Engineer: 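Structure in structure tokens, see below.
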Amino acid sequence: MNFAIAIHGDAATSESPRLALRFARAAIAKGHRIHRVFFYHAGVSVANSLVVQPQGEADTAAEWAAFAKEHGVELAVCVAAALRRGVLGQDDATRYERAVANVNPVFQIVGLGQMIEAAISADRFVTFCA
Amino acid sequence: MNFAIAIHGDAATSESPRLALRFARAAIAKGHRIHRVFFYHAGVSVANSLVVQPQGEADTAAEWAAFAKEHGVELAVCVAAALRRGVLGQDDATRYERAVANVNPVFQIVGLGQMIEAAISADRFVTFCA
Amino acid sequence: MAALHIVNSSSERRTALDNCLRAASRGDTVLLIGNGVYWAVAPMFAGIAKRASDTVWCVLATDVKSRGIGTLLSTQVQQIDDGAFVDLVASHHPVVSWS
Amino acid sequence: MAALHIVNSSSERRTALDNCLRAASRGDTVLLIGNGVYWAVAPMFAGIAKRASDTVWCVLATDVKSRGIGTLLSTQVQQIDDGAFVDLVASHHPVVSWS
Amino acid sequence: MTPRRILFVISHAPQRGALALEMLDELLVGAVFEQEVSALFIDEGVFQLVDSGDTQGNVARGYRALPTYDVSEVFVDADSLKKRGLAVDSLAIPVRALTRGGVRKLVAGQDVVVPD
Amino acid sequence: MTPRRILFVISHAPQRGALALEMLDELLVGAVFEQEVSALFIDEGVFQLVDSGDTQGNVARGYRALPTYDVSEVFVDADSLKKRGLAVDSLAIPVRALTRGGVRKLVAGQDVVVPD
């Protein structure tokens, strides 16, 4: 089957980015495909490259990036949600006159339409709430 | 009286940074002093200078900064909580080899001891939960 | 001195209010702020009124107004402005927030 | 096809479970994940069992183990691994998460 | 592809800053994909349809645009309204109140359910 | 200055990532200020003292250090334990169970209360 995944919880305090990663790994292991992973609401924080994870704690963002590369899975971040939470791509930083960009380049910054598209074209759409 | 304030809620989705600001303004208007405002947990996001507020929405972070300057109030951000959430000062960015720093320089990056110190030396310690 | 208890979450996180009521002593004041003001809507407040009878109840008027629920409030809850919030903090001890 | 309902918050946000139970049809499956697994602790589950009788209940074994609550679980709730979570998603429709 | 039935479930109170507005955005974007889109307000979510008249941060004003979008129907859970002393005609937009059985049937008939 | 009575109230379940660890940090920092520090576990917070044996993200292991710090006493709400089928001796550290009246008295006697 073809799955689409949405993640609403933040990297620091919600378990949902990790729960979604476990689901995605299990889905790939069972031979399913993952159409897109969409980070919305506080979930956009997973794409913040400035996060410094304390030693000895799991780095879920790094694991998502490695997983996506290995399996060719698209990681998409909602641009509007990211702007509100200070997660900027280079284009955004330039447009809004911020000195720096901080998005992890493994993540695509996209519009909300990409979430709806994923939800309706996948066989199943699974949301991991905050 | 001398008040200390703690803010636990994030800038994008919690009302607590704004509730605390209203409280702080009313306290100053009544002739009280504010010993320190301590941003902890998700509250550290208020110090993220990369946030782009949508037009027509209140910019609580900017209002906190202006309030602090006008009344000489110390805005303190917990360093450990900030690192986990990708809010870095220049020293942190250098130490952890991140390309950029993104903290609003109006905020002091401090240790957790500053919160306890504020809590015990103020006449009242008021927390605005997430 | 009586304590001031502050609740800023609605029935979505009802444990904040439950824990508050568990820890509040007779004569304490409970102040509802932010989404906590939804507890003051009459039928919601009726659901907690029995356990709430020996404490004083206040809500921030600004938060009631911004939510458009002024006509729905219980008469047992007093609306106060932000300055009165400061006065409550000054006249109570300890000040306890419930998350 | 029966629906799969996913709940990942504990009694701190009990409205997630309440709304889930309100919307679940007979024969649907409710999967507790993350902090949602705390609902499966026997006395907690007993509190919702009456409303939960016509649905199938599962919890993620990994989340039970990481919380150290394996010995506390209700026998009415089935522990499954992450692969079985994927199977549940594939065999149910729609898949509904409650926040 | 046949249109898919998408239900947006709004179950949280407004004034959580961005969350309510982001849900409204999703719904409005969802409405342009030529699918069968509907919305269900349940629990504290019914407060999102109470219009305070404020010009800032008032999501009910945003929902007022809904009837001009291609949204099939807007539902509210009747018990959630009653519990809060609200009536259908006090809300910002026309809605259809559902009993518990109606909520179950609505959810069971969807292809995609989007939570807030 | 006379020492102030500081109470840390832990009311949330663990595994919310940083939040539980950050509360533990506060408590340990609070304990070095030579004040009268105590902690109250209530509601889902009692689960923070259940040790899963995991080496990562297991806040109960962190709380095991508490007896070596200058913390006056650790309390739990007895009803919160009972509701979850937990007993005092199944927790990671020695605690004193309080009745409802005990919780009220404890809170009323504080100078500073820090929530999680």
Side-chain angles (χ1 to χ4, degrees), chain B residues 1-44 46 56-58 60 63-64 67 71 73 81 115-116 118-130, chain C residues 1-24 28-40 58-69 79-99:
Chain B
M1 272 191 176
N2 197 10
F3 292 136
I5 293 174
I7 297 176
H8 291 182
D10 77 291
T13 63
S14 165
E15 209 172 347
S16 79
R18 173 149 291 269
L19 288 164
L21 177 62
R22 279 167 39 200
F23 177 83
R25 283 176 175 155
I28 295 284
K30 293 227 164 210
H32 298 291
R33 276 161 300 130
I34 295 174
H35 179 75
R36 181 175 293 136
V37 182
F38 195 87
F39 295 82
Y40 195 44
H41 299 312
V44 301
V46 177
E57 288 181 32
T60 303
E63 291 181 52
W64 260 119
F67 173 82
H71 301 287
V73 170
M115 195 203 73
I116 305 293
I120 61 187
S121 56
D123 297 303
R124 295 288 186 277
F125 175 66
V126 186
T127 302
F128 291 84
C129 294
Chain C
M1 207 180 271
L4 174 66
H5 301 269
I6 302 175
V7 175
N8 79 343
S9 47
S10 66
S11 68
E12 288 174 24
R13 287 195 287 169
R14 74 166 295 140
T15 56
L17 191 83
D18 284 344
N19 295 337
C20 169
L21 290 175
R22 214 167 162 67
D28 284 355
T29 294
V30 181
L31 173 63
L32 304 167
I33 69 172
N35 271 354
V37 303
Y38 284 122
W39 281 113
C58 300
V59 288
L60 288 185
T62 301
D63 297 337
V64 168
K65 194 174 166 297
S66 72
R67 286 164 178 76
I69 57 170
Q79 289 194 50
I80 65 168
D81 66 18
D82 293 350
F85 178 6
V86 172
D87 294 342
L88 281 178
V89 168
S91 61
H92 288 72
H93 181 85
V95 176
V96 189
S97 296
W98 296 95
S99 66

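Here the structure is a predicted model, which means the values were calculated and not measured. Each chain gets a letter, A, B and so on, in the order the sequences are listed, and its residues count up from 1. These values consider heavy atoms only, across backbone and side chains, with no hydrogens, waters or symmetry-generated copies.
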Engineer: Which residues in residues 92-99 of chain C have any heavy atom closer than 4.5 Å to a heavy atom of chain B?
Structural biologist: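 Within residues 92-99 of chain C, near chain B: C:His92, C:His93, C:Val95, C:Ser97, C:Trp98, C:Ser99.
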Engineer: The criterion is side-chain hydrogen bond (donor to acceptor under 3.5 Å, both in side chains); which residues satisfy it with B:Arg18, sequence neighbours excluded?
Structural biologist: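 B:Arg18 satisfies side-chain hydrogen bond (donor to acceptor under 3.5 Å, both in side chains) with B:Thr60, B:Glu63 only.
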Engineer: Does any heavy atom of chain C fall under 4.5 Å from the side chain of B:Arg22, the backbone, both, or neither of them?
Structural biologist: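 For B:Arg22, backbone and side chain are both near chain C.
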Engineer: With chain B, which of C:Thr62, C:Val7, C:Ile6 has the greatest number of heavy-atom pairs at distances under 4.5 Å?
Structural biologist: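 The option with the most such pairs is C:Thr62.
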Engineer: Report which part of B:Ala29 has an atom under 4.5 Å of a heavy atom belonging to chain C: side chain, backbone, both, or neither.
Structural biologist: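 Answer is neither: B:Ala29 stays 4.5 Å or more from chain C.
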Engineer: So do B:His32 and C:Val86 actually touch side chain to side chain, heavy atoms under 4.5 Å?
Structural biologist: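 C:Val86 vs B:His32: side chains touch.
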Engineer: What part of C:Leu60 gets within 4.5 angstrom of chain B, counting heavy atoms only: side chain, backbone, both, or neither?
Structural biologist: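 Only the side chain of C:Leu60 comes within 4.5 Å of chain B.
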Engineer: Test of understanding: with side-chain hydrogen bond (donor to acceptor under 3.5 Å, both in side chains), list the residues that count as partners of C:Asn8, not counting sequence neighbours.
Structural biologist: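 Counting only residues at least two positions away or on another chain, C:Asn8 forms no side-chain hydrogen bond (donor to acceptor under 3.5 Å, both in side chains).
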Engineer: Rounded to the nearest 0.5 Å, what's the gap from OG on C:Ser91 to CZ on B:Arg124? Could you check?
Structural biologist: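 That separation rounds to 8.0 Å.
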Engineer: Answer with side chain, backbone, both or neither: which region of B:His8 has an atom nearer than 4.5 Å to a non-hydrogen atom of chain C?
Structural biologist: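 No part of B:His8 comes within 4.5 Å of chain C.
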Engineer: Would you say the side chain of C:Asp63 lies within less than 4.5 Å of the side chain of B:Leu19, judging by non-hydrogen atoms?
Structural biologist: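 The answer is yes, as the side chains (C-beta and beyond) meet within the 4.5 Å cut-off.
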Engineer: Let me know if B:Phe23 has heavy atoms under 4.5 Å from chain C in its side chain, its backbone, both or neither.
Structural biologist: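 Both backbone and side chain.
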Engineer: Report which part of C:Asp81 has an atom under 4.5 Å of a heavy atom belonging to chain B: side chain, backbone, both, or neither.
Structural biologist: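 Neither part; nothing is under 4.5 Å.
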Engineer: Tell me every residue that passes salt bridge (charged side-chain N to carboxylate O under 4.0 Å, His left out) with B:Asp123, counting only those two or more places apart in sequence or in another chain.
Structural biologist: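 Partners of B:Asp123 under the salt bridge (charged side-chain N to carboxylate O under 4.0 Å, His left out) test: none.
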